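What follows is a short report on a single structure.
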There are 4 protein chains.
Amino acid sequence: MRKEPRQARSRATVETIVEAGARILSNEGWAGFTTNRVAELAGVSIGSLYQYFPDKLTLVDAIRSQHLDDSMAAMRSLPAGEITPADFAVRLVEAVVAAHSVHPGLHRVLLDEAPSSEEYRNPESKFEIEYLSYFANAIATHGNRSPNAADQIAGRVLSDAIDGVIHNAARRGAIHDQAMHKELVRLITLYLGATGQVLGDS
Amino acid sequence: MRKEPRQARSRATVETIVEAGARILSNEGWAGFTTNRVAELAGVSIGSLYQYFPDKLTLVDAIRSQHLDDSMAAMRSLPAGEITPADFAVRLVEAVVAAHSVHPGLHRVLLDEAPSSEEYRNPESKFEIEYLSYFANAIATHGNRSPNAADQIAGRVLSDAIDGVIHNAARRGAIHDQAMHKELVRLITLYLGATGQVLGDS
Amino acid sequence: MRKEPRQARSRATVETIVEAGARILSNEGWAGFTTNRVAELAGVSIGSLYQYFPDKLTLVDAIRSQHLDDSMAAMRSLPAGEITPADFAVRLVEAVVAAHSVHPGLHRVLLDEAPSSEEYRNPESKFEIEYLSYFANAIATHGNRSPNAADQIAGRVLSDAIDGVIHNAARRGAIHDQAMHKELVRLITLYLGATGQVLGDS
Amino acid sequence: MRKEPRQARSRATVETIVEAGARILSNEGWAGFTTNRVAELAGVSIGSLYQYFPDKLTLVDAIRSQHLDDSMAAMRSLPAGEITPADFAVRLVEAVVAAHSVHPGLHRVLLDEAPSSEEYRNPESKFEIEYLSYFANAIATHGNRSPNAADQIAGRVLSDAIDGVIHNAARRGAIHDQAMHKELVRLITLYLGATGQVLGDS
DNA sequence: GATGAATGAGTATTCATTCAT
DNA sequence: CATGAATGAATACTCATTCAT
C-alpha cells in the first residue's frame, strides 16, 4: 500500500474500499471490477482511492490478503486432533462453506481471474505454505504419524478436491446443498481414514 | 457462425482462428483474450476473424464447443465396466490429464471466466448432462446397481473434486506430476469402492 | 463507370446493381448503403460489383443519374401551356408524387445525404439547370410572357417549396394523403396565378 | 446525460461539446459526425465527451434539443395577430433565416439523417406539435377564425414549403439571398391571404 | 487531504476495396 | 470474367490513472 493510514478515519476508509472491492469482485467478477466502481460503491472519490492504493493491482492484493487471512483464521480455529476423521470432516466442510458464504465468488476470482503481484502467484507464498501444511498435518494426525513428503502431496490433493467441489457448487448457487455436504464429508472421511495405507490393505 | 466457409482456404482460416483463440484463452485468461490478439496470433487480419465470427461471444462459444467435444470424446472412449475401480481410476486420470494437456488453463477459463450464450451457461446444457451422467453411471456400475439419485450427487462431487485437483495442478504447471496422479487415483478408487456403503461399513 | 458493358448480360447486371442500390438507399438511407449489401441484394458477388463500378461514389452517381433521368422524363411529359394553372398544378403534383412512389426516400437521400462527384453537387449541373428552367418556364407561361430573371428565382422557390412538402410527407409515410395533395395544388395554383404581379394587385 | 456537471469547468465543457457537435453536424452531415472529431473540435479528449454523454445518440439528442429550443424561442417571439399577412410573412422569414444562419445545414440533418431516441422521432413529439399548431394558428388568425382541421393541414403544407425553400437555399449556400427572401415572403403572403377561401373566389 | 474533471491508450467491430483462385 | 476470402483503416466506447481546484 502507498501509505500506512495513521488516523482512525483513514483506516476506516481503507476498510470500506477493500470491502467494496470484495463485494464487486464477488458479484461481477474481475471483468466488472473497475476502480471507479469500487470508489463509488465505497462512497469515496476516485482520487481518494488512489491516495491509498497506488494502482489496481495493489488494491486487489489488499483484498486477497484480507480474504486469505480470514480464511486461514477460520481453519486455524478448527480442532485438528482429538477428534474422529468423520467429525473433523464435518467441521472442515462447515468452515469452508462458511468462508465462501460472505462473498461466494470471491475465492475463485482472486485465485483464478485476478492478476496478482508475485507474492501471491508463486507456490511458495506464505498462504499456500500455511494452507498446505495445515492439510498435510491433518492427514498425518489422522494417520498417527508426523507429516512426511507423501502427506504433503495428499494434502494438496485433498485441499484441491474440496476446493473444486465447493467452487463448482458456488458456481451453481448450490453452496448450501446438504446432500452435497454429506457426500463431500464422506469423501474427506474416506481419504483421511485411508491415507498412508497401501491401497487394498484395509 | 456468420458464414459457412466454402473453400478449403477459408475452412483452414477458421480452424487457425479457433486454435489461436484456445491458446490465448488458456495462457492469458479471459482478460487477455482480445479479438485483435487472436487474429494476430492466428496470422490473419481482424477483418477475417469477423468474417466468420460475428462477435467475440460466438468465437468463444466455438472454442468451447470444440473443447468440450474433444473432452467428451476422450471420456466416451474409456471402458466403463469390466474393469476394477483402481484400473478405471487410472484410465480416467489419464484421460482427464490428456484433455488438459493441450491447453492447460482452457477448461476452467471456459467454464468460469468466459461469458457464454445461454446454451452452455445453464446446468441443463447438453454437455453438463452427459458429463454428469457419465460419472453417475461409473459410480453405479462399480456399486453393482443402476444409477439412483444419490449416484447423481456423488457423481457431481467426484467430478468436481477431480476438476479441482487437475485445475489447481494446471495453475501450478504441475499437471504431469506423477505423485499427484497416484494420489488422485487413490482418491477416486476409494470413493468408487465405497460409494453406496454407509460410512463405516467397510 | 469503369467499363462500358458491351454485352446484354453485362448491361442487365449493371441495371440489377443500380436497382438494388436504389432500393437500399431508399429503405435504409445512406448509412445502410454498403457495397456488400448492394451486391448481395443484386445477387452478384462483391467482385462483380467492382468490375462495373470502380468505387462507391461511382455507383451512387449512377443511381442518382438514373433517378434524375426518370424524374425529368416524368416532368417533360407534362403539358406546359394550353392548360389552366389549376389543372397544371394538379398534373404537376401527380407527377411529383408518382416520381416519389417507387422509392419514397430515394430523392432526399440522393440530394441531401449521399456525397457526389462534383458533376451533381454544383448548381450548374445539367439536371439543376433543366429542372429550374422547367419551372421558370411554367411560371412565365402562366404569366403570359417569356421567362425573365425574376421567373428564375420564382421557379426555384416554387420547386423547392414543392420539394419540401413532398419530402416531409414522405418522411411521415403520408405521401398519398389526398388532403395534402389538395392543399399543395392550391399553393401552386395561387403562386402561378399571382407570379409577376405586384403583391396586393389582385 | 450521464452525469450532471457540478463545477463551472465541466458545464463549460459540455457546452463546448454540444457546440462543436452542432458545427460538425451542420458542415459534414451525419456521416462526418464522429465522436472523435467532435471531441477534437471541442478541444477535449474523447474521454471527456463520454463523461457527459453516454453514447453518440445522447449527444445528438442534446444538440437537437438545444437547436429546437432555440428555433421555437425565435418563433414564439413573433407577433401573431395585429399585423398584416405581408408583415407577418416578412417577420417569419426573418426568423426562420436567422434560425438557420448559425448552422445552416443543422436543421435538416437533425430531422432527416440523424437517428434519434423515440422522443423526437414520432410525429407526436412535443416539438412537432408546437411547431405545427403555431402555423395552424397563424393561418387561422389571418383568416379571422379559430383553427380548424383544414388549418392543421394547411399549416403543415406551409411550414414544409418554407422548410424546403430554406433548406435548399442553405444547401446552395444562398440562405441570405434577398431576392429569394422576397419571393418566399410573397408565397407565404398569398397563401395566408387566401387560405380558407375556395380557390378562385378572390 | 479530498474531489471529480480530464486524459488517452486500448478494445470490439464495420466496411470499402483488393486479389488469388 | 466471376467469385468470395482477405485486408486494415476507421469508429464507438471504456477505464486506469493524473492533476488542477
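In the text below, chain A, chain B and the rest are named by the order of the sequence lines, each starting its count at 1. Note that the structure is a prediction, hence the values are computed from the model and not measured.
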Which residue, C:Ala31 or A:Gly47, contacts DNA chain E at a nucleotide closer to its 5' end, judged by nearest heavy atom?
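The answer here is A:Gly47.
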
Taking for each residue the nucleotide of DNA chain E bearing the nearest heavy atom, is the 5' side occupied by C:Phe33 or by A:Gly43?
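Closer to the 5' end of DNA chain E: A:Gly43.
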
Taking OP1 and OP2 of [N], is either one under 4.0 Å from a side-chain nitrogen or oxygen of [X]?
X: D:Tyr50; N: F:dT14; result: no
X: A:Ser45; N: E:dA2; result: no
X: C:Thr35; N: E:dC15; result: no
X: A:Thr34; N: F:dC15; result: no
X: C:Tyr52; N: F:dA2; result: yes
X: B:Thr13; N: F:dA6; result: yes

Considering only side-chain heavy atoms of [X], which listed nucleotide, [options], is closest?
X: A:Asp55; options: F:dG8, F:dT17, E:dT17; answer: F:dT17
X: D:Asn36; options: E:dA5, F:dC13, F:dA6; answer: F:dC13
X: C:Ser48; options: F:dT3, E:dG1, E:dT13; answer: F:dT3
X: B:Lys56; options: E:dG1, E:dT7, E:dA12; answer: E:dA12
X: D:Ile46; options: E:dT17, E:dG8, F:dT7; answer: E:dG8

Mark yes or no for whether [X], through its side chain, and [Y], through its backbone, hold a donor-acceptor pair below 3.5 Å.
X: A:Arg37; Y: A:Gly32; answer: yes
X: B:Glu28; Y: B:Phe33; answer: no
X: D:Thr16; Y: D:Ala12; answer: yes
X: C:Arg64; Y: C:Leu110; answer: yes

How many whole angstroms separate atom [atom1] of [X] from atom [atom2] of [N]?
X: D:Glu40; N: F:dA10; atom1: CD; atom2: P; result: 13 Å
X: B:Arg11; N: F:dG4; atom1: CZ; atom2: C1'; result: 14 Å
X: B:Gln51; N: E:dT18; atom1: CD; atom2: C1'; result: 13 Å
X: A:Arg37; N: F:dT14; atom1: CZ; atom2: P; result: 13 Å
X: B:Leu49; N: E:dT14; atom1: CG; atom2: C1'; result: 13 Å
X: A:Leu59; N: F:dT17; atom1: CG; atom2: P; result: 10 Å
X: A:Trp30; N: F:dC15; atom1: CH2; atom2: P; result: 12 Å

Under 3.5 Å, is there a donor-acceptor pair between the [X] and [Y] side chains?
X: D:Asp55; Y: D:Thr58; answer: yes
X: A:His67; Y: A:His107; answer: yes
X: C:Asp112; Y: D:His167; answer: yes

Secondary structure of DNA chain F in dot-bracket form (Watson-Crick or G-U wobble, distances below 3.5 Å, | marking inter-strand pairs):
.||||||||||||||||||||

How about CD on C:Glu19, more than 12 heavy atoms from neighbouring residues, nucleotides or ligands closer than 6.0 Å, or not?
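Buried by this count: over 12 neighbours within 6.0 Å.
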
